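Note that the coordinates shown come from a computational prediction; the quantities given were computed from them, not determined experimentally. First the proteins, then the strands, lettered A, B, ... as listed; each starts at 1.
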2 protein chains.
Amino acid sequence: MTDLARTPKQIGTLVQRARKQRGWNQTQLGDKAGLRQETISLIETGNPAARLETILAVLAALDLEFRIVPRSTSRAADIEAIF
Amino acid sequence: MTDLARTPKQIGTLVQRARKQRGWNQTQLGDKAGLRQETISLIETGNPAARLETILAVLAALDLEFRIVPRSTSRAADIEAIF
DNA sequence: TCATTTTATGAGAAGTGGCGAATATTTTCA
DNA sequence: TGAAAATATTCGCCACTTCTCATAAAATGA
């Protein structure tokens, strides 16, 4: 249940989880993101060659965003980094 | 000086900043990421259609990673979200 | 200023995303 | 169990990445 996103597969899993939390199906998410249901499917299954702009559109539709942080940090350490 | 990454341009700027902090040029970063100097250049200038795997390779080479978090949150709110 | 380093740009080839449209497969649930 | 809904897959098509190789433009520093 992490929000960490190091691989396309992890990103796809997080997208799927967020979508289901909102009670949306892939078609509904696609509509909001300006993408096709098939494209959402590919992303959720971990398409490694997805376009950056496509991923960003999906996150925006879910009201999510990327943060770029140091790897291998504990959550406590992140607090340090934030301030 | 934010780590927020909503657009390809923001991601490119953050990549460039992290690269320079390490004292690397684009060729050196490319070598570490298994990519060409030209590709690093495109990413840093905000290529919107870059491949997800390419961006992830660059972040890994910089020892960085994505986090997926809710949009429009204050930093204080993030602390809440972390725990 | 000038030479060196660094970054950006160019053409062509190969590979693939996302599209439209259609369909197969799987999952859900009455 | 069976029908409906949801998700995954396929084909042709165009756009565009990333690659190799080459070079132009810009930035750096003595």
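- Between the side chain of A/R36 and the base of C/dG20, a donor-acceptor pair under 3.5 Å is found.
- Phosphate contact (OP1/OP2 of C/dG18, side-chain N/O of A/T54, threshold under 4.0 Å): present.
- Between the CZ atom of B/R19 and the C1' atom of D/dA27 there is a distance of 12 Å, rounded to whole Å.
- If you take CG of B/L42 and P of D/dT17, they are 7 Å apart, rounded to a whole angstrom.
- In this structure, B/R67 contributes its side chain and A/D3 its backbone to no donor-acceptor pair below 3.5 Å.
- B/L35 places its CG atom 14 Å from the C1' atom of D/dT20, with the value rounded to the nearest Å.
- When the P atom of D/dA6 is taken as reference, atom CD of A/Q16 falls 14 Å away, rounded to whole Å.
- Between A/T39 and C/dC19 there is a side-chain polar atom (N or O) within less than 4.0 angstrom of OP1 or OP2.
- The distance between atom CD of B/Q37 and atom P of D/dA26, rounded to the nearest whole Å, is 15 Å.
- Put simply, CD1 on A/I40 is 10 Å from P on C/dG18, counting in whole angstrom units.
- Using modelled atom types, no side-chain atom of A/R71 and backbone atom of B/E65 make a donor-acceptor pair closer than 3.5 Å.
- At a cut-off of 3.5 angstrom, the base of C/dA8 holds no donor-acceptor pair with the side chain of B/Q26.
- For the pair B/S41 (side chain) and B/Q37 (backbone), a donor-acceptor distance under 3.5 Å is absent.
- Between the CG atom of B/L52 and the P atom of C/dG15 there is a distance of 21 Å, given to the nearest Å.
- Side chain of A/R22 to main chain of A/L62: a donor-acceptor pair is present (N/O by atom type, distance under 3.5 Å, no hydrogens or angles).
- The base of D/dC21 is paired with the side chain of B/E38 by a donor and an acceptor separated by under 3.5 Å.
- In terms of phosphate contacts, A/N47 brings a side-chain nitrogen or oxygen within less than 4.0 Å of OP1 or OP2 of C/dG17.
- Atom P of nucleotide D/dT18 and atom CG of B/L56 are separated by 12 Å, given to the nearest angstrom.
- A sub-4.0 Å separation between OP1 or OP2 of D/dT18 and a side-chain N or O of A/R51 is absent.
- Here B/G30 lies out of heavy-atom contact (under 4.0 Å) with every strand.
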